[in-house]
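Within every chain, numbering begins at 1; the chains are lettered A, B, ... in the order of the sequence lines, protein sequences first and strands thereafter.
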Amino acid sequence: MTLAERDGAPTGQQDAVRHFVLQTEALDLESTLDGGQAFRWWRVSGDGESAVYDGVIGSTALRISELGDALDPQAGTPAQDVALRQAQDGGHVDIKVEVRSELVPEGLEHAVADYLGIGPGPKTSISELRVRFADDPCIGPAITGFPGLRLLRQDPWECLVSFICSSTSNIPRIKLNVGSVAREIGSRVGLGDADYCFPAPKAVAAAGEQKLRDLGLGFRAKYVIPAAEAVASGKLDLAALRETPFYEARAALVGLTGVGEKIADCVMAFSLDKAEAFPVDRHIRRALERWYGLPEGTNNSNAAEFARERFGNFGAVAQQYMFHRERLSQRAKWGGDHVGHALPEDRL
DNA sequence: GTCCAGGGTGAAA
DNA sequence: TTTCACCCTGGA
């Protein structure tokens, strides 16, 4: 029996707008939602089909899909065609957003656009990135091949827990852990198996370390609880860190047990508007050594400074392109030192 | 079935 | 500065 059957169908009256379309510059859902920035999006379309993802933003379960461009209402456009059109002129794309929750909150459209990094809030100019790093040996080809990779603007608390969970882990497992926390401690907001809002810090703190261990977080459980307590008590004001200068915000995050510079930079890049954040992990280090002559043996902290010097306020988005490229080349899709096609045939 | 690596961090040496 | 334990899941 599925959860949906157990809970029954919603009583929903035909209420407000249950779907809308956001038009934006190139936005590739797969690389953006499922590329290691966020861990609660699930693809519901098949390989080769146009991307469709289910997930939750705030308290609203959503289905987000690529419609191609504005003049082509045809559904089921192959992903390559969409990417190609986007690549050709950096043209616009229509993103369809369907509400799967019973309630449609005020300002949802704004909230979704904000989350996707296409709202009026702080953002890095994609077109400027394209111009400035077109000839960059590593990310230049990635920018061309994946013009739609964007930085998300997530909820800082969920982002913080997600990356605490990332320690010595891998993406499938992080998704499992974060999903379990939501399902077991959060509230149901839709009929799908993963339709739970991410629990507030207070609720996580109340659940306790053993609960998180039971959910499979392992040693990370003992880091999540004090973080939850710090945020719940107001000792750490995550929202305020959006307005806090970079190094000051980083110091506040690193003050949490289990949060080093790498995790702090992830939280800052993907939820706190810190465009100069540059998370360095083993993959990124390898890329920095290979493409930019970072001396071997440089520690991660200095490697991040090295990158910040080079990329400045494009650090966060540059790092995502670098990570994306490294991930793909690991899967032997893009071959080692050279990028065969601007648009790989199979980008799974 | 076993083995191994996986978007690190903190504490001890 | 370097080494090591920490948990455990998915894939080979």
- prompt: Would R286(A) and E326(A) pass as an ion pair if we require N to O under 4.0 Å?
  reply: yes
- prompt: Does a distance-only test, which skips hydrogens and angles, find a donor-acceptor pair under 3.5 Å between the side chain of K262(A) and the base of dG8(B)?
  reply: no
- request: Could you measure between the two P atoms, the one in dG7(B) and the one in dA12(C), and give it in whole Å?
  value: 14 Å
field: R43(A) side chain to S45(A) side chain, donor-acceptor N/O pair below 3.5 angstrom
entry: yes
Whole-Å distance separating the CZ atom of R286(A) from the C1' atom of dG6(B): 12 Å
- prompt: Touch check for G260(A), heavy atoms < 4.0 angstrom, all strands: base, sugar-phosphate only, or nothing?
  reply: sugar-phosphate
- request: Measure from the side-chain N and O atoms of E248(A) to the backbone N and O of P245(A), and report whether any donor-acceptor pair falls under 3.5 Å.
  value: no
Rounded distance (Å) that lies between atom C1' of dC6(C) and atom CD of E209(A): 12 Å
query: Would you call F146(A) and Y321(A) a side-chain contact if the rule is heavy atoms closer than 4.5 Å?
result: yes
- prompt: For F219(A) and dC7(C), is the gap between ring centres under 5.5 Å while the planes differ by less than 30°?
  reply: no
task: Answer with base, sugar-phosphate or nothing: what part of the nucleic acid does V280(A) contact at a heavy-atom distance below 4.0 Å?
output: nothing
- request: Kindly state whether the ring of F39(A) and the ring of F198(A) have centres lying under 6.0 angstrom apart.
  value: no
field: Short side-chain to backbone donor-acceptor contact, R100(A) and L191(A), under 3.5 Å
entry: no
query: Is there a residue in residues 156-176 of chain A whose heavy atoms reach under 4.0 Å of DNA chain C, and which residues are they?
result: R173(A), L176(A)
DNA chain C stem ranges, 3 or more consecutive Watson-Crick or G-U pairs under 3.5 angstrom: B:2-6 with C:8-12, B:8-13 with C:1-6
task: Sticking with atom P, work out how far dC7(C) lies from dA12(B), rounded to a whole angstrom.
output: 15 Å
DNA chain B: 5'-proximal contact among Q320(A) and L256(A) (nearest heavy atom): Q320(A)
field: Atom pair distance, as rounded to whole Å: CG in N299(A) and P in dT1(C)
entry: 7 Å
- request: Report yes if the distance between the aromatic ring centroids of F311(A) and F306(A) is under 6.0 Å, otherwise no.
  value: no
message: Under a 4.0 Å threshold between the charged nitrogen and the carboxylate oxygen, would R188(A) count as salt-bridged to D195(A)?
response: no
- request: Just call it for G35(A): base, sugar-phosphate, or nothing, with non-hydrogen atoms closer than 4.0 Å on any strand.
  value: base
query: Separation of I263(A) atom CD1 from dG7(B) atom C1', in whole Å?
result: 9 Å
- prompt: For the pair made of CG in L253(A) and P in dG8(B), what is the distance, rounded to whole Å?
  reply: 17 Å
- line: From CZ of F323(A) across to C1' of dG6(B) the rounded distance in Å is 11 Å
Protein-nucleotide distance (L217(A), atom CG; dC8(C), atom P), rounded to Å: 10 Å
- request: Could you tell me if the ring centre of F163(A) sits under 6.0 Å from that of F270(A)?
  value: yes
message: With nearest nucleotide decided by heavy atoms, which residue, V259(A) or F270(A), maps closer to the 5′ end of DNA chain B?
response: F270(A)
message: Any base atoms under 4.0 Å from R220(A), or only sugar-phosphate, or nothing? Heavy atoms, all strands.
response: base
query: Can you tell me if the side-chain N/O atoms of K222(A) get under 4.0 Å from OP1 or OP2 in dG10(B)?
result: no
query: In terms of side-chain geometry, is the basic nitrogen of R40(A) or E158(A) positioned less than 4.0 Å from the acidic oxygen of its partner?
result: yes
task: Have a look at E261(A) and say if it touches a base, only the backbone sugar-phosphate, or nothing, with a 4.0 Å heavy-atom cut-off.
output: sugar-phosphate
task: Let me know the distance between CZ of R327(A) and P of dG6(B), rounded to the nearest Å.
output: 13 Å
query: Of the options T32(A), L33(A), L22(A), which is the one that meets L27(A) in a side chain to side chain contact (heavy atoms under 4.5 Å, CB included)?
result: T32(A)
R282(A), nearest nucleotide to its side chain (from dG6(B), dG10(B), dC7(C)): dG6(B)
